Amino acid sequence: MTIRRFQQLAHWGAYTAVVEDGRLIACESFARNPAPSPMLGAIPAMVYSPLRIERPAVRKSWLLRRERSGRGSDSFVEVSWDQALTLVAEELARVRAERGSQGIFGGSYGWSSAGRFHHARTQVRRFLFSGGGCTDSVGNYSWGAAQFLLPHVIGTHEPVSGRVTDWNSVIANSRLIMAFGGLALKNGQVTSGGAGAHTMEAWLRRAREAGIRFVVISPNRGDAPEFLAAQWMALRPNTDTALMLGMAHTLQAEGLHDSAFLASHCTGFDAFRRYLTGTQDGTPKSAAWAAAICGVDADLICALARQAAATRTLVTMAWALQRAHHGEQPYWMAIALAAMLGQIGLPGGGFAFGHGSMNGVGNPRVDLPSPEFATGPNPAGRAIPVARLTDMLENPGAAFDFNGRQDIYPDIDLIYWAGGNPFHHHQDLNRLTRIWHKPATVVVHESWWTPSARRADIVLPATTTLERNDIGGSSRDRFIFAMQRAIAPVGESRDDFDIFRELAARAGHEPAFTEGRDTDAWLRELWRRVSVGADSGGVTLPAYEEFIARGWVELPPPARDYVMFEAFRADPIAHPLRTPSGRIELVSQAIGGFGYADCPAHPTWLPPAEWLGAAAAAQFPLHLVTIQPPHRLHSQMDPGPVSQAGKVAGRECLAINPGDAAARGLSDGDLARVFNQRGACLAGVVLDEALMPGVVVMATGAWFDPAVDGLERGGNPNVLSLDVGTSSLTQGPSALSVLVEVEGWTGKAMPVEVYRAPRIEPAGIG
Ligand SMILES: Nc1nc2c(c(=O)[nH]1)N[C@H]1C(S)=C(S)[C@@H](COP(=O)(O)OP(=O)(O)OC[C@H]3O[C@@H](n4cnc5c(=O)[nH]c(N)nc54)[C@H](O)[C@@H]3O)O[C@H]1N2
Ligand SMILES: Nc1nc2c(c(=O)[nH]1)N[C@H]1C(S)=C(S)[C@@H](COP(=O)(O)OP(=O)(O)OC[C@H]3O[C@@H](n4cnc5c(=O)[nH]c(N)nc54)[C@H](O)[C@@H]3O)O[C@H]1N2
Ligand SMILES: [Mo]
């Protein structure tokens, strides 16, 4: 018996792969991690799961007759790698010839692996770009609305994509942290690109020990860890903009706003004030007005405004708030509120986003690039906002608005997906299902028979990170990892890069795709680039061989605290923002000039299409909040032991307030049907008194498992969610604006079937 140990990395943490006689037996957390995620425990079972895709497979009726229908219900036929690659190459060539490159959708959204070279989404886009291009996607589901709003308002989207004022500055200076959407520790298990150290809880504890007062504004008290002793303000989902307007109204009515800062660093306060006071539309946005919308007492709103003005206050907001219809507004309004408080650019003051959304937000880190593999340019020059996937498939040739431009949806005939699971992540999955038969061909690279792999025509088995060498790391974490191949590829699976290299060779664009490098040469090259970047920041990294042998490096701490907009605050003339005015735009002429009714020129209370104040609430009286799952990363490893241990009645949980449950005759552990006009799913009831009445919570990511009649059996809430853009400006996903009703399930038990592999026939057919 030989035991060997290898450095490895997942988005949920770095670990040592323990391998006995060539077989992974355990994942031990990285020794320097103070708070490892239990999710590591899912990996060994999943790597050898019967759900692994072992060989290339083609959907039977597509193979025999090129039939488009049957995606999701047909059986598969295993084929040789040569036959599979021939089919893919022929289809790519056919679509390029018939429709041009834009007929291929390669937007392929998803998290893929923490390893940055074998990052599948990067690989597939690079492959398609080097072969003539494709229709790509821009933005993301995480903070898509913020990404395209913030540059208009503050000249950059760095507060969501990069750094915010760091924890050292906050702990030393903030006295009050107002956390919209809370600071749920479950989210701190994850960082894009992985984490050597899970630091979220430690920072929060230190902040509490430093005497910082926390106010958590959320429909769920559970979003505030107990040790924070936070004041909980329960508000109706999607009404934060109204609450903040009420605070802003109080500030200006009582003269507590910082007129000097608004005059020197902002533009548009006078016009915004006309909206606030009601001079513009006859409705003062007073605390009483806000209270009627958001459900928080007017007195509490006024008191919070006064407390915020009286001390050093940080306004931080979860990313979830902008993943809702009109999700631009709470973000813009948070900036307006912080501007009125006048503390932007001061240590521990101003606004920030995401402290409760992901591990590493606010981590002090030297400003050096993390490893990254580039896609290169897309010669097709076409892209859609990522969450407009179904719209695009449904409406070829139709115009859509996006960030001041109009564009036309292309006509897609081939979908190529690697590194994501759209049949988990997209909204209104029944709508996506209805149009999914439209393209002639769907190609998916996956390691497991996910719902999306099952809905493909050609499925190519991809290795997992354990089966290949890579380099991983996150710009929010101070470690960089060498990921060491620990086991042989499972089945006949291949690295995405090798699959694409072979396809590129067959189509004659291998040199452009590989630039003459194999995997090893690329890893050396990525390390060289990281080292050059580090060098220019005064950090010397070890030689490649030393890095690989050691398994990781730790970056030194930054020399000083990072305070967002410090230089701009100190001298707005010498260090203007990259906005048209060089200042914080409380009114944006650019946005106003676009003339969008759903995103006017200044922060505005715009009721979402679905919320507790909507007419539809008479029929569907519960607001469904779909959170990030506590026991997994999105849909990854859902069939594994850690995620499964969190299921109730064999499916995803529905958390509901005891009063709302009693009114429906529901008890803990019951099987319930959650439904609205778009769909229905089964879920296991969990009574939760930390939830405000009228609000129910489900985690995303249960593998999509519709029965023939459409009832989703596993508890995937995206059969319920609303698939519209947040606004014409950003077209982000509106996943968090959803009304539903819940009832006890009296039908038959309906086992979840998606945790068994689809029917697979051996090679030889066709
Ligand atoms: N209702 C609702 N929906 C949401 C959200 C919400 O809040 N509410 N949140 C949204 C957000 S923020 C996000 S980021 C998305 C997440 O959506 P996704 O990123 O699509 O979710 P994942 O489950 O992480 O999917 C990644 C897939 O890549 C596969 N994969 C991993 N490594 C490799 C590899 O090396 N090669 C290949 N070929 N495949 C690999 C995994 O097996 C997995 O199936 O969901 C969004 N959807
Ligand atoms: N364990 C785990 N952690 C993760 C992930 C995962 O899959 N698993 N995914 C990661 C990814 S890709 C992302 S983008 C981030 C996302 O980070 P977020 O989007 O911030 O995470 P969520 O859990 O969706 O939402 C955070 C909280 O916002 C609250 N909330 C929802 N709607 C409203 C509202 O209208 N107003 C207020 N005030 N509060 C509201 C909810 O109660 C919820 O608990 O999470 C990351 N962290
Ligand atoms: Mo995300």
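All values reported here derive from a predicted model rather than from experimental measurement. Indexing begins at 1, ligand by ligand and atom by atom, following the structure's order. When reading the values below, keep in mind they use all heavy atoms of this one structure, side chains included, and skip hydrogens, waters and symmetry mates.
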> Is W111 near ligand 2, meaning one of its heavy atoms is under 4.0 Å from it?
Replying inline: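 Per 4.0 Å heavy-atom rule, W111 contacts ligand 2.
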> Should P629 be listed as contacting ligand 2, given a heavy-atom distance under 4.0 Å as the test?
Replying inline: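 Per 4.0 Å heavy-atom rule, P629 contacts ligand 2.
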Just to be sure I read this right, does ligand 1 sit under 4.0 Å from the backbone of [X], its side chain, both, or neither, counting only heavy atoms?
X    : answer
D496 : side chain
H426 : neither
H119 : neither
N718 : side chain
M358 : neither
S142 : both
W319 : neither
A120 : side chain

Checking contacts here: is it the side chain or the backbone of [X] that comes within 4.0 Å of ligand 2, counting heavy atoms only? Could be both or neither.
X    : result
V697 : neither
T700 : neither
A184 : neither
V190 : side chain
A324 : neither

Closest candidate by heavy atom, reference [atom], pool [options]:
atom                    : options                : result
atom 25 (O) of ligand 1 : V625, N421, T465       : N421
atom 40 (C) of ligand 2 : S37, P219, P237        : P219
atom 15 (C) of ligand 1 : H11, H425, R632, Q636  : H425
atom 38 (N) of ligand 1 : E467, H445, M637, R468 : H445

Would you check the N or O atoms of [X], main chain and side chain alike, for any that come under 3.5 Å of an N or O of ligand 2?
X    : value
R236 : no
L736 : no
L235 : no
T239 : no
K186 : yes

Please report which non-hydrogen protein atom sits nearest to [atom], along with the residue it belongs to and the distance in Å to one decimal place.
atom                    : value
atom 28 (O) of ligand 1 : G419 C, 3.2 Å
atom 35 (O) of ligand 2 : N238 N, 2.6 Å
atom 9 (N) of ligand 1  : Q628 NE2, 3.4 Å
atom 7 (O) of ligand 2  : H634 N, 2.8 Å
atom 39 (N) of ligand 2 : G181 CA, 3.3 Å
atom 42 (O) of ligand 1 : E446 OE1, 3.0 Å
atom 29 (C) of ligand 2 : D223 OD2, 3.6 Å

Tell me, do [X] and [Y] make a side-chain contact under 4.5 Å, heavy atoms counted?
X    : Y    : value
W143 : Y331 : no
E712 : F704 : yes
W81  : P461 : yes
T726 : Q322 : no

> Should the ring pair Y109 and Y141 be called parallel, tilted or perpendicular, given that the plane angle runs from 0 to 90° and is split at 30 and 60?
Replying inline: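 It falls in the tilted class, 30° to 60°.
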> Quick one: does S721 get an N or O within less than 3.5 Å of an N or O on ligand 1?
Replying inline: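 No, S721 has no N/O under 3.5 Å of an N/O on ligand 1.
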With atoms numbered from 1 as shown, which atoms in ligand 2 lie under 4.0 angstrom from a non-hydrogen atom of [X]?
X    : answer
Q189 : 1 (N)
D240 : 34 (C), 35 (O), 36 (N), 37 (C), 38 (N)
M39  : 1 (N)
S218 : 38 (N), 42 (O)

> Around atom CD of E372, are there more than 12 heavy atoms of other residues, nucleotides or ligands at under 6.0 Å?
Replying inline: no
>> To check you understand the geometry: which heavy-atom pair defines the closest contact between A456 and V444, and what is its length?
In response: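 Minimum heavy-atom separation between A456 and V444: CB-CG2, 3.6 Å.
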> If you measure from the Lys or Arg side-chain nitrogens to the Asp or Glu carboxylate oxygens, is any gap between D723 and R388 under 4.0 Å?
Replying inline: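 Counted as a salt bridge, because a side-chain N and a carboxylate O are separated by less than 4.0 Å.
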>> Pairing donors with acceptors under 3.5 angstrom, does anything connect the side chains of W203 and N363?
In response: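 W203 vs N363: donor-acceptor pair found between side chains.
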> Does a side chain donor of either Q189 or S37 reach within less than 3.5 Å of an acceptor in the other side chain?
Replying inline: yes
>> Tell me which one of D498, T519, T463 satisfies side-chain hydrogen bond (donor to acceptor under 3.5 Å, both in side chains) with R468.
In response: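 Checked D498, T519, T463 against R468; only one passes side-chain hydrogen bond (donor to acceptor under 3.5 Å, both in side chains): T463.
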